[in-house]
Every structure is written in structure tokens, then in C-alpha cells.
Amino acid sequence: MTRDVAVLSDAEAVAETVAQRFLARMAAAQERGETPDVALTGGTVARLVHRQIAAHAHEHPIDWTRITFWFGDERFVAADSPDRNELQARADFLDAVGATRVNAIPSTAEASGVSDAADRYSAQLRSEGSGEFDLVMLGMGPDGHVASLFPGHPQLDDHDHIAVGLTDSPKPPPERVSLTFDALNRARAVWFLVTGAEKAEATQRAWAFDGSVAETPARGISGPSVTWFVDEAAAGDQR
Ligand SMILES: O=C1O[C@H](COP(=O)(O)O)[C@@H](O)[C@H](O)[C@H]1O
């Protein structure tokens, strides 16, 4: 695994940099004749990134109907709940750019519970995914969680599923669905989007030579190419 770190001045700078890199990456993939699979994340900095993508989309020759979007995790709530990562991403950029291949994790309207939603999403990814994400974007919580894989939770050790459900997320809402590490790591590239001083300790643990995935789930990300886009506050002393 290679790990690159880009330390930018603040969250806006992270959003602008990631958006430009994303647009260039998608244009290049399509130039090669590919239809990339991309896993999106929820979270505060992701929303800034998504809005920057919408603002600059017209500068790049991208056919948005030839990118397949997925979600790394989702809150298991009503389809129209503002807590849905999907709805936020649609509002922030997917609808504006005209994305048509948007694979949402089932809501409470479509699945009987988190396990059912996880099983349905796993089946969808198996049948409609290419088998590898071109890009997975991930936020990281102050506790080191990624997607909805939280410290000390059994989902961290699941190697039998593509997606798993949980009903006891320490961050509300409690019912969620998450891709597993095995699924998230089937990616040509993983980009972490991390900003804010409250993330500095978790960032330090994630980058440390030693440490456990149980304490800091971000350490479980081990795709071939991992890039951290962080602001100075999240980088803390490690700049
Ligand atoms: O709940 C979630 O939180 C994380 C991190 O969000 P942030 O606001 O601290 O950046 C996010 O990665 C995840 O997708 C989301 O469901």
C-alpha cells in the first residue's frame, strides 16, 4: 500500500483540491473507455467536496451517465430523511450534474431492517458493480470511524459480507448500513477527507506505526493507493 498525505490550509482548500482531482480522475478514466465505480461518503467535508464538484463540473468533459455511484455507508432511515447520505449527495451534486447510475443503500421504505438492507445492497453490488471501485472516498469521525465501521464493533471483523448492518451506532442515527473493509479495500484508490482539530488525535492514531483497527477503524483501510486530504487542524503536530 502507498500512503500519500496532502495537508491543505483549511476545509475549503481540501474541498477545492479533492473536487479538481476527482473531476480530472473521472475524465481520464472515461478517456480510457472505462465506466468507473465510485463509492461516496457522507459527512461535513464530503458535502463541501460535492458542492465544489458541482461548481466545476462544466470545466471537464465528463459523461455523468457513465459513472456508477455507490455509497460507503448509509443511515437506515426513511427515504426522505435529511439524514440520508444519498439525499445529501443528490442535492449537493448528483442531480445537478445529471448522474443516472446512483445506487442507493435501501431505506426503511425498501428493506425490513438493517440486515435486509445490507443483503440487498451486497447483491446489487455483486450483480451491477465491476468488482473493483475506481475510487472510494471516506470521511473519518473524531473516534476514527470510517463509513459506519465504529471502534470496538463486531463489523470490523466481518470478512463474510460486502455490506453489514448495525443498530447501535454511537453516532446518531443508530441504525446504519456499511460496506465492510473487504469491500472498501477493493479499490484502485481510497481518498480520506478529514478536516478539523477534533480529528487530530484520530489522524495521529491512524498514521502511527503501531495501533489497532479496533481502536482506530481508519487503520483497516489498506487498498493499494491511499491518499489523505487533510487540513492543517486535522494534521495537528504531524505537519
Ligand atoms: O456518520 C458519518 O460520519 C462520517 C464522518 O463524518 P464527518 O462529518 O465527521 O466528516 C462519514 O464518513 C460517514 O459517511 C457518515 O455516515
Side-chain angles (χ1 to χ4, degrees), residues 8 10-15 17-19 22 38-52 69-78 81-94 102-108 114 117-118 121 133 135-151 153 155-156 163-181 183-185 187 190-206 213 216-221 223 226-231 233-236:
L8 289 313
D10 55 20
E12 287 298 336
V14 169
T17 300
V18 172
F22 175 83
V38 173
L40 299 174
T41 177
T44 41
V45 66
R47 299 206 69 177
L48 296 179
V49 169
H50 294 166
R51 289 171 187 157
Q52 283 294 323
F69 289 99
W70 303 89
F71 290 86
D73 76 320
E74 187 56 277
R75 292 84 183 272
F76 187 65
V77 288
S81 166
D83 279 340
R84 295 268 298 169
N85 289 336
E86 174 218 350
L87 283 199
Q88 294 175 4
R90 283 189 188 280
D92 291 338
F93 87 110
L94 293 172
V102 180
N103 294 288
I105 295 176
S107 69
T108 52
V114 293
Y121 205 54
F133 293 112
L135 175 64
V136 170
M137 287 192 273
L138 291 173
M140 181 183 70
D143 58 357
H145 85 263
V146 289
S148 284
L149 300 171
F150 288 91
H153 278 57
Q155 292 81 9
L156 299 176
V164 285
L166 65 160
T167 55
D168 57 352
S169 164
K171 177 180 176 181
E175 294 199 306
R176 290 162 174 249
V177 173
S178 181
L179 296 189
T180 57
F181 283 128
L184 293 168
N185 286 330
V190 177
W191 293 356
F192 278 98
L193 324 174
V194 183
T195 63
E198 72 280 11
K199 310 273 175 83
E201 274 183 32
T203 305
Q204 193 164 14
R205 292 201 310 275
V213 173
T216 313
R219 295 180 67 89
I221 296 300
V226 177
T227 305
W228 287 74
F229 296 92
V230 301
D231 68 359

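Because only heavy atoms are used, hydrogens play no part in the values below, and waters and symmetry mates are left out as well, while side chains stay in. Order of listing sets the numbers, starting from 1, for every ligand and every atom in it.
- Side-chain atoms of Val136 and Trp70, non-hydrogen and from C-beta on, never get closer than 4.5 Å to each other.
- Of the protein's non-hydrogen atoms, the one nearest atom 4 (C) of ligand 1 is His145 NE2, 3.3 Å.
- Compare Arg176, Glu198, Lys171, Arg84 by their heavy atoms: the one nearest to atom 5 (C) of ligand 1 is in Lys171.
- Closest to atom 14 (O) of ligand 1, if we only count protein heavy atoms, is Asp73 OD1, 2.7 Å.
- The contact set between ligand 1 and Asn85, taken as ligand atoms under 4.0 Å from a residue heavy atom, comprises 14 (O), 16 (O).
- Within the 4.5 Å cutoff, no side-chain heavy atoms of Glu86 are placed close to those of Leu94.
- In this structure, Gln88 has no side-chain hydrogen bond (donor to acceptor under 3.5 Å, both in side chains) partners at least two apart in sequence or on a different chain.
- Listed by atom number, the atoms of ligand 1 under 4.0 Å from Gly42 heavy atoms are 11 (C), 12 (O), 14 (O).
- Between Val177 and Phe71, the closest side-chain pair of non-hydrogen atoms is not below 4.5 Å.
- In Leu193, neither the side chain nor the backbone holds a heavy atom less than 4.0 Å from any atom of ligand 1.
- Here the side chains of Arg84 and Arg75 are not in contact, with every heavy-atom distance at 4.5 Å or above.
- Remark: ligand 1 atoms within the under-4.0 Å shell around heavy atoms of Gly139 are 12 (O).
- Interatomic distance, CZ of Arg205 versus CZ of Arg219, reported as 10.0 Å (0.5 Å rounding).
- The single protein non-hydrogen atom nearest to atom 9 (O) of ligand 1 is Lys199 NZ, 2.9 Å, given as residue, atom name and distance.
- Here Ser169 pairs with Arg176 under the side-chain hydrogen bond (donor to acceptor under 3.5 Å, both in side chains) rule; sequence neighbours left out.
- Numbered from 1 in the order shown, with element, the atoms of ligand 1 that lie under 4.0 Å from a heavy atom of Thr44 read 7 (P), 8 (O), 10 (O).
- Atoms of ligand 1 lying under 4.0 Å from at least one heavy atom of Thr41, given by number and element, are 11 (C), 12 (O), 14 (O).
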